Amino acid sequence: MTEIFWLIPFIPAASTFVLAVFGKKLPKKYVSFQACFAVFASFVISVISALGLLQTAHGSYPLVKNLFSWIQAGSFQVNLSLMFDPLSAVMALVVSGVGFIIHVYSVGYMADDEGYTRYFTYLNLFTFAMLILVMASNLVLMFVGWEGVGLCSYLLIGFWFEKHSAANAGKKAFIVSRIGDTGFLLGILFIFIHIGSAEFTAINQAISGGAISAGLATLLAILLFVGATGKSAQIPLYVWLPDAMEGPTPVSALIHAATMVTAGVYMVSRMNLLYTLSETAAQIVALVGAVTAVYAATMALTQNDIKRVLAYSTISQIGYMFIGCGVGAYAAGMFHLYTHAFFKSLLFLAAGSVMHALSGEIDMKKMGGLRKYLPLTYPTFLIGAIAIAGVPFFSGFFSKDAILTKAFAQGQYSAFYYFIWGLGIMGAVLTAFYMFRLIFVTFHGTERLDPEVKKHIHESPKVMTIPLVILAFFSVVAGYVGLPVVLGEKLNFFSKFLEPVIKEVHEVHLSLQTEWILIAIAAFVALLGIIIAYVFYIRSPMIPRNLATRFPAIYKLLFNKYYVDEIYNAVFVNPTVKGSEIIYDNFDLKVIDGAVNGTATATGFTGKILSYFQSGLIKDYALIFLLGVIIFLAYLLF
């Protein structure tokens, strides 16, 4: 049954076509049914194909379906072909599985929106683009999916384009990610120049055969990673993601959990042999991920927008995935991507449920005491917060611990990795703190609800709460497919499944005592962050205000996100706008328009002169003829 894997992306594509062409004429029920069913069908085929892989010999990977020859120019040839192996299987399951739940939730969330059909058309297109990205057998087709999710993010973030802030947020996401894509495209071109192929199998064979030097591998890996920083919102190209909250909340869940931002992690994992060859590039990946994890977490400490807190948490958690890739624990990085898909989509959809109950309110300062009004949203939100905080026995704990343990183990080769581990621990404390700050401020304490909002507060309908319950269940149990080595090497099924595709770097085996100590530290820092949040926002709620008053400069710095947007505007945006205005005024208007208008004026003047000789009167022509004869005779005589 694995032969049908190539249908996975094309079912949402077909649904997109139908909705785009005929959607306006179709009833809402049909639109929602078709859009959801298309993604569900992709999920079912993904499950069947993934189960088929378990029965397939490792030497048979990857399964490739060559649909047709796409580009042929001299020695440059690219096929439109799809690939299915354990790595793409994991991504296909995440994209279609979580994507289906988000589609179902959207039926209730977007029920009264005028752009209902347009919304589901974009959502199906987004799913198609991401599935092409993760199932492409070559870098060129991956780049098509890569750009496709960029386009869809623009369409969905700016979905309510009548709102100025939403339109700007869509443009910002598109432009910033294009900056990163320049590096990614250059990396693809260099790979083709030096290898002669963009196929992943050919690239891996060339690397294994020694066709690429360590220096060249560093250049290629860094160029590709520049694209990953843009797509996955890492330093310095993370600034688009917080503004992406302007789109509908289910879109935020899809972008943050199942699609776009995970693309960079998938790409680095797919190119793991290249990054293994270049230790410098791998260390850059780990460092950028670790710094981003802490940096984004500090910004989440002071935000009051419930969705923006989650946005910064996504930037931070993607940083952990890159730590895993950078320290050679690609399977652990992918494991965190997999668990993160459940608890982050849960958190965003639960935040959407809160907004639904409060008529769109997003400011935590205007909430408080909501747990008694939202009996289903509250416990599911709490489960998501516990999972992302890394509390033991929840999914986020297992995946985050796997990354930090590997980073610490790599310290035997270089003290640099101890530094990375330290940053990871710091980020874990901050994550637990700001997530439970969100929980305590939103659902506990004194009610700060607007009286008009309070009159209409209600729990969300079943079409929204059932997806929350399903995601909460997986936020608990998803981590048990990758248990720590101390419990038995054979219990890490996730890592075993990816073994044929991903080669771990420096297989370091820590003592059981050390592993247990690291697990205890990871559990302790998660609980420490929760306890501090409890003291700050439940037991002594005056502490945060007193700290903000005592250290106003630090508070303002964090609240204003280190003024990075302002710096970018001052250094890049404003000079570009001013420069373009100067060029427009002095070159475009005066030189380009001047040349065009001058040509038109000269032509008009010439035509006016010539018009005197084309009056249509016989007497004028006779006079001109006579003058011509006189001039001719004068020339002959003199």
Side-chain angles (χ1 to χ4, degrees), residues 133 146 149-150 153 157 172-187 218 221-245 252 255-257 259-272 274-275 278 280-300 308 310-327 329-330 332-334 336-337 340-341 344 388 399-400 403 407 419-420 423-424 426-428 430-431 561-562 564-565 567-568 572:
L133 190 159
W146 191 274
V149 295
S153 69
I157 292 169
K172 185 175 183 179
F174 190 80
I175 293 170
V176 172
S177 57
R178 291 296 77 69
I179 295 170
D181 293 350
T182 303
F184 187 49
L185 185 57
L186 287 173
T218 299
I222 290 175
L223 286 173
L224 294 178
F225 184 61
V226 170
T229 60
K231 195 65 69 180
S232 296
Q234 298 292 283
I235 291 174
L237 299 177
Y238 68 90
V239 291
W240 66 268
L241 193 59
D243 290 350
M245 299 302 98
S252 302
I255 291 176
H256 289 244
T259 58
M260 189 162 171
V261 295
T262 61
V265 179
Y266 167 76
M267 184 272 292
V268 172
S269 298
R270 173 62 69 189
M271 302 295 292
N272 64 88
L274 181 67
Y275 285 89
S278 172
T280 301
Q283 289 185 342
I284 290 174
V285 171
L287 182 62
V288 169
V291 173
T292 303
V294 176
Y295 174 75
T298 60
M299 289 186 283
R308 203 167 286 264
L310 298 179
Y312 283 113
S313 79
T314 297
I315 299 172
S316 181
Q317 295 305 305
I318 297 291
Y320 278 99
M321 298 173 202
F322 279 120
I323 292 175
C325 295
V327 301
Y330 299 100
M334 287 298 300
H336 197 52
L337 183 156
H340 178 265
K344 181 50 61 68
I388 196 174
S399 55
K400 193 179 293 184
I403 292 170
F419 173 67
I420 297 297
L423 289 177
M426 186 186 304
L430 294 175
T431 300
K561 293 94 67 178
Y562 297 96
V564 171
D565 279 297
I567 293 171
Y568 279 8
F572 299 108

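Both backbone and side-chain heavy atoms feed into the values below; hydrogens, waters and symmetry mates do not. Not measured: the values here are computed from a predicted model.
- Distance CE/Met260 to OG/Ser177: 4.5 Å, rounded to 0.5 Å.
- Contact record, Ala293 with Tyr320: CB-CE1, 4.0 Å, taken as the closest heavy-atom pair.
- With values rounded to the nearest 0.5 angstrom, Lys344 atom NZ is found 3.0 Å from Ser313 atom OG.
- Rounded to the nearest 0.5 Å, atoms CG (Leu237) and CD1 (Ile175) are 13.0 Å apart.
- Across Ala263 and Leu133, no two heavy atoms sit closer than the pair CB-CD1, 3.8 Å.
- Remark: Lys231 engages Asp181 in a salt bridge (charged side-chain N to carboxylate O under 4.0 Å, His left out) (not counting sequence neighbours).
- Between Ile157 and Ala244, the closest heavy-atom pair is CD1-CB, 3.5 Å.
- Residues Tyr312 and Arg308 bring no donor and acceptor atom of their side chains to less than 3.5 Å of each other.
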Assess whether side-chain contact (heavy atoms from CB on, under 4.5 Å) is satisfied between Leu423 and Ile323, documenting all intermediate values.
CA-CA 10 Å; Leu423 289 177; Ile323 292 175; 6.0 Å; no
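- Considering only residues two or more places apart in sequence or on other chains, His336 meets the side-chain hydrogen bond (donor to acceptor under 3.5 Å, both in side chains) condition with Gln317, Ser399.
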_As a quick check of understanding, evaluate side-chain hydrogen bond (donor to acceptor under 3.5 Å, both in side chains) for Tyr295 and Tyr562, giving each step before the final call._
CA-CA 10 Å; Tyr295 174 75; Tyr562 297 96; over 6 Å; no
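- The minimum heavy-atom distance linking Ser316 with Thr431 is given by the pair OG-OG1, 4.3 Å.
- Side-chain N or O atoms of Lys400 include one that pairs as donor or acceptor with a backbone N or O of Ile388 at under 3.5 Å.
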task: Determine, stepwise, if the pair Leu224 / Val268 fulfils side-chain contact (heavy atoms from CB on, under 4.5 Å).
output: CA-CA 8 Å; Leu224 294 178; Val268 172; over 6 Å; no
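- Between the side chain of Gln234 and the backbone N or O of Ile315, at least one donor-acceptor pair lies under 3.5 Å.
- In this structure, Arg178 forms a cation-pi arrangement with Phe174, its terminal cationic atom sitting closer than 6.0 Å to the ring centre and no more than 45° off the ring axis.
- Interatomic distance, Met245 CE to His256 NE2, rounded to the nearest 0.5 Å: 3.0 Å.
- Distance CD1/Ile235 to OG1/Thr229: 10.5 Å, rounded to 0.5 Å.
- Taking OH of Tyr238 as the start and OG1 of Thr314 as the end, the distance is 14.5 Å to the nearest 0.5 Å.
- Taking every heavy atom of both residues into account, Ser269 and Cys325 meet most closely at OG-SG, 3.6 Å.
- Aromatic rings from Phe322 and Phe225 are positioned such that their centres are separated by under 6.0 Å.
- Nearest approach of Ile420 to Ala407, heavy atoms of both residues: CG2-CB, 4.5 Å.
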